[in-house]
Amino acid sequence: MTALVRGKLLTPVFFDRDPRHVARELLGKLLIRKTAGGPLAGRIVETEAYLGKGDLAAHSAAGRTARNSVVFGPPGHAYVYFIYGNHYCLNVSCLPLGEPGGVLFRALEPVAGIEEMAAARDLDFSEDYFSAAGKAAKIAFLKKIASGPGRLCEAFGITRERDNGKSLMGARSDLRIVDDGHRCGRITVTPRIGIVQSADHPLRYLIAGNPFVSGPKRGNSLPAKVSR
DNA sequence: ATATCGATTATCT
DNA sequence: GATAATCGATATG
């Protein structure tokens, strides 16, 4: 697996906006984790926007607490929380200091560090088998690595202890997002997944037709489609 | 292919 | 004490 993992770091201005814009424009960017054994990288293919005010599904809906304080902080920083006693989820803070808002990373297309990520996910990986496998089998395997918010955190070793509050824009940060010039085509917008309050708002964004998005294939092409 | 269910704990009421 | 921005296993068509 070749790994061309280079690109421009994103800036505070990119994140200092409405989470809906950030969520949409994060599609196609690369999330990168620097490790001693080389970089882990995945292309962002699915996100969800969480708005500060009036969004009852957002952790910030009831105001600032110890857990959600990063979302009230400056833009471009990692908000990592623990959920269901089992999983971590990664968000990036949006909007200026004092205004809550964020974007949840829901799925990545594995780009570099496949073997390391598979190991972190407790998946069996054989280079020989993988390189010989057909296209469909490759996709099926790669989909298990980071297709889901809890899965991508496990693949990247993202935890609250290690990453909460960290800048995702820094040249010194081991966790960052870059723009490598990739342009995704059409974007599909659907309601968010796994929530009950404010469940109808179309705030989930995904690259249309991308096989690495989370969830059943059915719901991923239903409502509004937007191009860019 | 879709539905249902149990696991497991930080956080908030 | 109830809940949760999930996942993986199991059951059923």
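Below, each value reflects all heavy atoms present in this structure, side chains not excepted, and no hydrogens, waters or symmetry copies. All chains are named by letter (A, B, ...) in the order of the sequence lines, taking the proteins before the strands, and each is independently numbered beginning at 1.
C/dC7 atom P lies 15 Å from atom NZ of A/Lys144, rounded to whole Å. Between A/Asp200 atom CG and C/dA5 atom C1' there is a gap of 16 Å when expressed in whole angstrom units. Going from atom OH of A/Tyr79 over to atom C1' of C/dA4 covers 11 Å, rounded to whole Å. Residue A/Leu108 contributes atom CG, which lies 15 Å from atom P of C/dT6 at whole-angstrom precision. As a whole-Å value, the separation of A/Tyr88 OH from B/dA7 P is 20 Å. Atom OH of A/Tyr84 and atom P of B/dT11 are 16 Å apart (whole Å). What separates CD of A/Glu48 from C1' of C/dT6 is a distance of 12 Å, to the nearest Å. Protein atom CG of A/Leu90 is 14 Å distant from nucleotide atom P of C/dT6, rounded to whole Å.
For A/Arg64 and A/Ser69, the side-chain atoms include no donor-acceptor pair closer than 3.5 Å. There is a side-chain donor-acceptor pair under 3.5 Å between A/Glu48 and A/Tyr50. A/Glu46 and A/Ser214 form a side-chain donor-acceptor contact under 3.5 Å, judged by distance and modelled atom types alone. In this model, no donor atom of one side chain and acceptor atom of the other lie less than 3.5 Å apart for A/Glu25 and A/Tyr205.
One finds no side-chain N or O of A/Arg204 lying less than 4.0 angstrom from the OP1 or OP2 phosphate oxygen of C/dA5. Within the structure, a side-chain polar atom (N or O) of A/Arg151 is placed less than 4.0 Å from OP1 or OP2 of C/dG8.
Close placement of the A/Phe125 and A/Phe130 rings is indicated, their centers lying within 6.0 Å of each other.
One donor-acceptor pair, N or O on each side, does fall under 3.5 Å between the base of C/dA5 and the side chain of A/Tyr81.
Residue A/Val196 has its side chain nearest to C/dA4 when only C/dA4, C/dG8, C/dA5 are considered.
Among the atoms of the strands shown, base atoms are found under 4.0 Å from some heavy atom of A/Gly85. Contact annotation for A/Ile195: backbone-only contact, meaning every heavy-atom pair under 4.0 Å involves sugar-phosphate atoms and none involves a base. Backbone-only contact: A/Phe82 has heavy atoms under 4.0 Å from sugar-phosphate atoms and none from a base. In this structure, A/Arg67 reaches the sugar-phosphate backbone alone: every heavy-atom distance under 4.0 Å involves primed, P, OP1 or OP2 atoms, never a base.
Mapping A/Thr65 and A/His87 onto DNA chain B by nearest heavy atom places A/His87 at the nucleotide closer to the 5' end.
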Open item on the list: The test is salt bridge (charged side-chain N to carboxylate O under 4.0 Å, His left out); show your working for A/Lys166 and A/Asp174 and say whether it passes.
Closed with: CA-CA 9 Å; A/Lys166 189 177 281 183; A/Asp174 67 334; 2.8 Å; yes
Open item on the list: Using side chain to side chain contact (heavy atoms under 4.5 Å, CB included), reason through A/Phe212 and A/Arg43 one step at a time and then give a plain yes or no.
Closed with: CA-CA 10 Å; A/Phe212 301 100; A/Arg43 195 169 302 286; over 6 Å; no
Task: Dot-bracket pairing map - DNA chain C, Watson-Crick plus G-U, both contacts under 3.5 Å, | cross-strand - done: ||||.|||||||.
